[in-house]
Amino acid sequence: MFKTIADPPYCEVRSVIRFLNTKKVKPAEIHRQLVEIYGENVMTDEMVRKWVPQFSDGRTNVHDEAWSGLPSVINGGLVAKVNEKMRENRRFIIRMLSDEFRQISKTVLHEIATNRLNYRKLCSRWVSKILTDVHKTK
């Protein structure tokens, strides 16, 4: 087994997709190879399938295009790391998470906790919204 490369830049992963697509490698195989080298949270199969046609249609730029809204720092790896920290201590506040993830803004961390991980504050603990909704219906 190969040593995995942790947290690669998006442009690096897209460059690999572009390279393998040029060699006529199928999207599923591209995704399999990405996971093998970069780990499980590198990019979803759906995202690989989104990028392959763009490169097939002539796109050469592997960098993010400028857009307004939340920065593109939110990826599966970051979400998994935030989830792990929140499970270690359910009394985490966003400011404490911000101390753990200094490069990520509090706004983005709050978005990850509430929208991506589906948590909300209940009695000073982070709990799944799904669990709290189930208890309301009983």
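Every heavy atom of this structure was used, including side-chain atoms; hydrogens, water molecules and symmetry mates were not.
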Inset, instruction - Determine, stepwise, if the pair I37 / I5 fulfils side chain to side chain contact (heavy atoms under 4.5 Å, CB included). - result: CA-CA 6 Å; I37 299 300; I5 301 170; 3.9 Å; yes

Inset, instruction - Output, in order, the C-alpha distance, side-chain angles, deciding distance and verdict of side chain to side chain contact (heavy atoms under 4.5 Å, CB included) for F101 and L78. - result: CA-CA 9 Å; F101 301 95; L78 176 62; 4.0 Å; yes

Inset, instruction - List the steps, then state whether side chain to side chain contact (heavy atoms under 4.5 Å, CB included) holds for N89 with M96. - result: CA-CA 10 Å; N89 180 1; M96 292 166 70; 4.1 Å; yes

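I30 and V25 get closest at one heavy-atom pair: CD1-O, 3.5 Å. Residues V42 and P8 come closest through the heavy atom pair CG2-CG, 4.3 Å. Closest non-hydrogen pair, I94 versus K106, comes out as CG2-O, 3.6 Å. The shortest heavy-atom contact between R59 and N61 is NE-O, 2.7 Å.
Counting only heavy atoms from C-beta outward, the side chains of V52 and Q54 never approach each other to under 4.5 Å. Contact annotation: the side chain of V82 approaches that of L117 to within less than 4.5 Å [non-hydrogen atoms, C-beta and beyond]. By the 4.5 Å heavy-atom criterion applied to side chains, Y10 and H63 are not counted as neighbours. Looking only at side-chain heavy atoms (C-beta outward), N83 and R87 come within less than 4.5 Å of each other. Between S98 and I104 there is no side-chain heavy-atom pair separated by less than 4.5 Å.
Here CG of D99 is found 11.5 Å from NZ of K85. Values are rounded to the nearest 0.5 Å. Rounding to the nearest 0.5 Å gives a distance of 14.5 Å between CZ of R14 and CG of N21. Going from atom CD of E100 over to atom CD of E84 covers 10.0 Å, rounded to the nearest 0.5 Å. Between the CG atom of L34 and the CD1 atom of I17 there is a distance of 5.5 Å, given to the nearest 0.5 Å.
Scanning for side chain to side chain contact (heavy atoms under 4.5 Å, CB included) contacts around D45 gives H31, R49, with sequence neighbours left out. Under the rule for a side chain to side chain contact (heavy atoms under 4.5 Å, CB included), the partners of S15 that lie at least two apart in sequence or sit in another chain are V62. Judged as a side chain to side chain contact (heavy atoms under 4.5 Å, CB included), and not counting sequence neighbours, the contacts of E46 are T44. For N41, the side chain to side chain contact (heavy atoms under 4.5 Å, CB included) partners at least two apart in sequence or on another chain are A80.
At a threshold of 4.0 Å, the pair K81-D7 counts as salt-bridged, since one of the basic side-chain nitrogens sits closer than that to a carboxylate oxygen.
Residues in residues 37-59 take part in these ring-ring contact (aromatic ring centres under 6.0 Å, His included) pairs, two or more places apart or across chains: W51-F55. Sorted by first and then second residue, the pairs that involve residues 19-32 and meet salt bridge (Lys or Arg N to Asp or Glu O under 4.0 Å), not counting sequence neighbours, are E29-R32, R32-E36.
Shown here is E88, whose CD atom has more than 12 heavy atoms of other residues, nucleotides or ligands within 6.0 Å.
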